[in-house]
Structures are given as structure tokens and as C-alpha cells.
Student: 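Mind looking over this structure? Questions follow.
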Number of protein chains: 2
Amino acid sequence: MVTKKEDKKEHIIDTAERVFGEFGYEGASTRLLASEAGVNMAMLNYYFGSKDGLLRAVLERRISSMRAVLEDIYQQPITNWQKLERMIEAYLNRVLTNNCFHRLVQRELSLAQRHDTADLISEHVFLNLKVMRQVIVDGMADGTFREVDAEMTIASVIGTKYYLLNSTDILSRLLNADMQDKVQLEEVIKPRVKKHLLSLLKSYLLKQNEEK
Amino acid sequence: MVTKKEDKKEHIIDTAERVFGEFGYEGASTRLLASEAGVNMAMLNYYFGSKDGLLRAVLERRISSMRAVLEDIYQQPITNWQKLERMIEAYLNRVLTNNCFHRLVQRELSLAQRHDTADLISEHVFLNLKVMRQVIVDGMADGTFREVDAEMTIASVIGTKYYLLNSTDILSRLLNADMQDKVQLEEVIKPRVKKHLLSLLKSYLLKQNEEK
DNA sequence: CAAAGTTAATCAATCGATTAATTAATTAAC
DNA sequence: GTTAATTAATTAATCGATTGATTAACTTTG
């Protein structure tokens, strides 16, 4: 039964995603990874070859799907503002739901001395950013958006989300909400970020933001 | 001669700040830290007690001064917009210049399983954010700012800088500039971020942003 | 009974930390 | 001032613990 083996692999990857996210790559020992997943330590090497292979498996599982979503939105026959709206919403859902994963990604990217895996992510993330930038560039070209620094605007959008994600502790205090709590995150924080980002971008990008 | 000893300690802290920033806390071994600083490994424990003590020394050196700067700006007899302007400029100068340090701080804060030192930073950063938030709250109270989500607005400002700092590699490609290069960072990136953030906040916060 | 899956035991390497011995710097004695 | 005594600074060697990885034996599966 292939299913059972694949289920086990999936379970290990699930666990590793969380443990890597909580402890960092260096901080998560193979023994910890194994015991958290409830398997023998040797199984990690049996399935993934090495600790690095496990990290790669964690990354590759999620890495490509995000761009597919963005590309799909980009192709839709809607206004550039609507595209931006949907992209932000899609990104927000991804990032805040699979928060362990995105924390892991962000942390590994921030290391100057990186693993080979970092380049793997780097390329994919870069392409994601380019799609989002293109929407802003298109919007400026067709005259619906003001002339802004497209790249920096993207950086502000993504930066807001990553900051929320990676400084959970501090922001929980500032926002008066427990961001560790999945329910609060989903029902309070997420709508709040969404509203904020859209309102921020609306007043910055859209020319006709006086009438409403 | 006390100076010589203190110079040596300072040199070790300087080096540790960079190495921790590049490799992460777990990734930077005591042997590496020592050899990069050009001292015997035992000297680290002699001066700082432990690896953790060295990290604490790195953090404590910079941690308190930022708030002093912000508090000073907050007390000045200027408009809230001007306060915000100056705070952003001050923050930007700090963060982009001592980038290794701020990368280190952010990375340690993003770990769910943290060192005691993380709480030390957490408190200070939180207080910094509160001061900046207060400026926005004040501005809304005196009617010069629109009614916005003050906490989220702060998150966007800090988040922008955070993202620039921690995804250097990707953003260098997106911005078409080498952010590792100190000169370009100082003369190209910094003014560009500054202009972007101020222009973004201006259109979002200030009511009279039509005339100019 | 052959292949895949799983285990406990163990590998060398590296981790942070400490030791005891040595050198340099400071202080005290005269 | 010179020298002896005392403290501080520095070194190489080594500590036990833990790291990622591998082995060989064992169990399950098809």
C-alpha cells in the first residue's frame, strides 16, 4: 500500500514544517524532529536522505503552488485593482494560515550564509513578487493608478504580512489579540490586516479616492 | 590600562554582531565567533561567561538607545506629521546602517522557542512601537490625520523596513540594486525607501493631500 | 522468501564549556 | 628604580554532551 508510506512521509513533513518553524533549522535536531513525528531517527534519512533533504521536502511541497494562484489571478478579465485585491487576499490566507512554513522560509532567507535550499526559495518568491509588481505597473499604464514606486509598494504589502508573522509576540501585545490563537488570528487579525492593506493601497494607488 | 581590555571586548562584540547576524545564533559556533574575532575560544567565556552572555552583550549595547531617540522626537514642539517623518528617518538610518544587528534581532524574535534574551528585546521593541503609535493617535485626535488603524499602520512602516532588511537577496533583484553594497544602500536604497514611506503615509494619513 | 520498512546501537565530528599551565601586566616592598 | 609578589590575560588541551548520519539486526509486508 503506497498510501500508507506516503501518509507517513506527509506526516513527517507536516511535523518538520512546524518544528523547523519553531526552532529554526539549526535549532531543530534530527532527534527532536523524529520524536515529534513519533518515528525512529533513522527513518528521516531513510525517507529524505538527510536533514537537508527533509528541509527541501518541506519547502518544495508548498513553494510552487502560490505562484500558480497569482498567475491565475493575473490572467483574469478584471481591473488591476481587483487583481491586486485578490492577490493580497490570497497571499494573506496562505501566509497567516501556514504561518510556521512562512516563518521558516523567511528566517532561512534572512541568513547571509545560506543553504542551497535558500536559492531554491529565492527564485520562486522573486517570481511571485514580479507578478504582483506587474499588476501595479499595468495599473499605472492604463491610468487607473497614480505614479508610485511599484517595487517599494510591493515591499510594503509583503513586509506588513511578514512582520505580523514574525513578530507575533510583540504585535500580539500591540494589537491586543493573541496571534498564537488560531481562531483569533482567523476571525480578528486576518480581516483587520486585509482591511488595512486595502484601505492603505486604495488611498495610495487609486486616483478617485475622494468619492465613495 | 582599562582601555585596551574594553577595546578588545568591543571588538569581540562587533564581530559577534556580524557573525550572529550572518549565521544565526545556533549557526554561529563559539569557535567561529572566536576565530573571526581573532581571539582564543576561551576568551569568550572569560569575558562574557557563555555564548548566551555574548549574545546578551551584543543586544544590550544597541537596544536602549533607539527608544531614547524616539522619545526625544516625541517631546519636540512640532506637528505630529513632522514627528512621524523624523521617527521614520531615524529608524531607517539605524536599521539600514546596523543591518546585521537588526537582522539578528528579528530572527531571534521570530523563533517560537526563544532564549531569555528574546524577552529582553521584545520589551524594548514593544515600547518603541508604542511611541510611534502614539504619534498617529495624537494626530487623529487633533484632526490632522484621517481615522486609520494606527497599529496596522505602524506594522506596515516597520514591516517595509523589515522586509527590505531580511530579504536582501530577493529585493536586490527586484529593485535592481545591490543591497549588500554599503554605498548603494546608503545613496540609492535609503533615500528611495524614505521617499516611498513618506509618500505612502502622506496620502494615507494627511487629509489635505490634494493641494501641494 | 525476497523487499521494504523499522529498530537500537553506534559512528566520527562538532558543540559549548572548562581545565591547568603559561605569559603579561599591575602592585607592593625595599 | 629595581625586583619580588600578585593579579589579570591568554593559551592549548580536553571535558562530557550532542550533533547528523550509518550500521547491522530485526520485523513486517507482499
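Naming: A, B, ... by sequence-line order, numbering from 1 per chain.
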Student: Using the six-membered ring of A/Phe20, assess whether NZ or CZ of A/Lys51 lies under 6.0 Å from its centre and within 45 degrees of the ring axis.
Tutor: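 Judged by the rule, A/Lys51 and A/Phe20 form no cation-pi pair.
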Student: Heavy atoms from C-beta onward define the side chain here; which of C/dA4, C/dT10, C/dA17 lies closest to that of B/Arg31?
Tutor: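 Closest nucleotide to the B/Arg31 side chain: C/dA17.
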Student: What is the distance from CG of B/Leu55 to P of C/dG16, rounded to the nearest Å?
Tutor: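 Result: 12 Å.
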Student: Just to verify, which of B/Lys161, B/Lys194, B/Lys190, B/Lys83 counts as forming a salt bridge (Lys or Arg N to Asp or Glu O under 4.0 Å) with B/Glu89?
Tutor: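 Exactly one option meets the salt bridge (Lys or Arg N to Asp or Glu O under 4.0 Å) with B/Glu89, and it is B/Lys194.
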Student: Figure out the OH/P separation between B/Tyr46 and D/dT11, and round it to whole Å.
Tutor: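 Value for this atom pair: 12 Å.
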Student: Looking across every strand, which nucleic acid part, if any, lies under 4.0 Å from B/Ala28 by heavy atom: base, sugar-phosphate, or nothing?
Tutor: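 The residue B/Ala28 makes sugar-phosphate contact but no base contact.
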Student: Where each residue is assigned the nucleotide of DNA chain D containing its nearest heavy atom, which of A/Gly27 and A/Ala42 is assigned the position nearer the 5′ end?
Tutor: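 Nearest nucleotide further toward 5': that of A/Gly27.
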Student: Within the 4.0 Å heavy-atom criterion, would you say B/Ser29 contacts the bases, only the backbone, or no part of the nucleic acid?
Tutor: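 Sugar-phosphate: the residue B/Ser29, judged by heavy atoms under 4.0 Å, touches backbone atoms but no base.
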Student: Nearest-Å distance, CG (A/Leu44) to P (C/dG5)?
Tutor: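 Taking CG of A/Leu44 and P of C/dG5, I get 15 Å after rounding.
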Student: Grab the CD-P distance between B/Glu26 and C/dC15 for me, whole Å please.
Tutor: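 These atoms are roughly 12 Å apart.
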Student: Quickly work out the A/Asn45 CG to D/dT19 C1' distance and round it to whole Å.
Tutor: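 A/Asn45 atom CG is separated from D/dT19 atom C1' by 12 Å.
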Student: Whether B/Tyr47 contacts D/dT10 is assessed here as follows: a side-chain N or O lying under 4.0 Å from the phosphate OP1 or OP2. Is that the case?
Tutor: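 Answer is yes, contact under 4.0 Å.
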Student: Starting from C1' on D/dT18, measure out to NZ on B/Lys51 and report it in whole angstrom.
Tutor: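 For the pair B/Lys51 NZ and D/dT18 C1', the rounded distance is 13 Å.
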Student: Could you go step by step and tell me if A/Tyr204 and B/Ser199 meet the side-chain hydrogen bond (donor to acceptor under 3.5 Å, both in side chains) rule?
Tutor: CA-CA 8 Å; A/Tyr204 189 49; B/Ser199 139; 3.0 Å; yes
Student: With respect to the side chain of A/Met41, which nucleotide from D/dA12, D/dT22, D/dA9 is positioned closest?
Tutor: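 The answer is D/dT22, which lies nearest to the side chain.
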Student: Between the main-chain N or O of B/Arg94 and the side-chain N or O of B/Thr97, is there a donor-acceptor pair closer than 3.5 Å?
Tutor: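 It does not hold such a pair.
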Student: May I have the distance from A/Phe48 (atom CZ) to D/dG20 (atom P), rounded to whole angstrom?
Tutor: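 Going from CZ in A/Phe48 over to P in D/dG20 covers 15 Å.
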Student: Is it true that B/Glu123 and A/Arg173 have a side-chain N and a carboxylate O under 4.0 angstrom from each other?
Tutor: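 Looking at A/Arg173 together with B/Glu123, the answer is yes, because their closest N to O distance falls below 4.0 Å.
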Student: Relative to the 5' end of DNA chain C, which residue comes earlier, A/Met43 or B/Ser50, by the nucleotide with the nearest heavy atom?
Tutor: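 That would be A/Met43.
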Student: Can you tell me the distance, in whole Å, between the CG atom of B/Asn40 and the P atom of C/dT19?
Tutor: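 B/Asn40 atom CG is separated from C/dT19 atom P by 15 Å.
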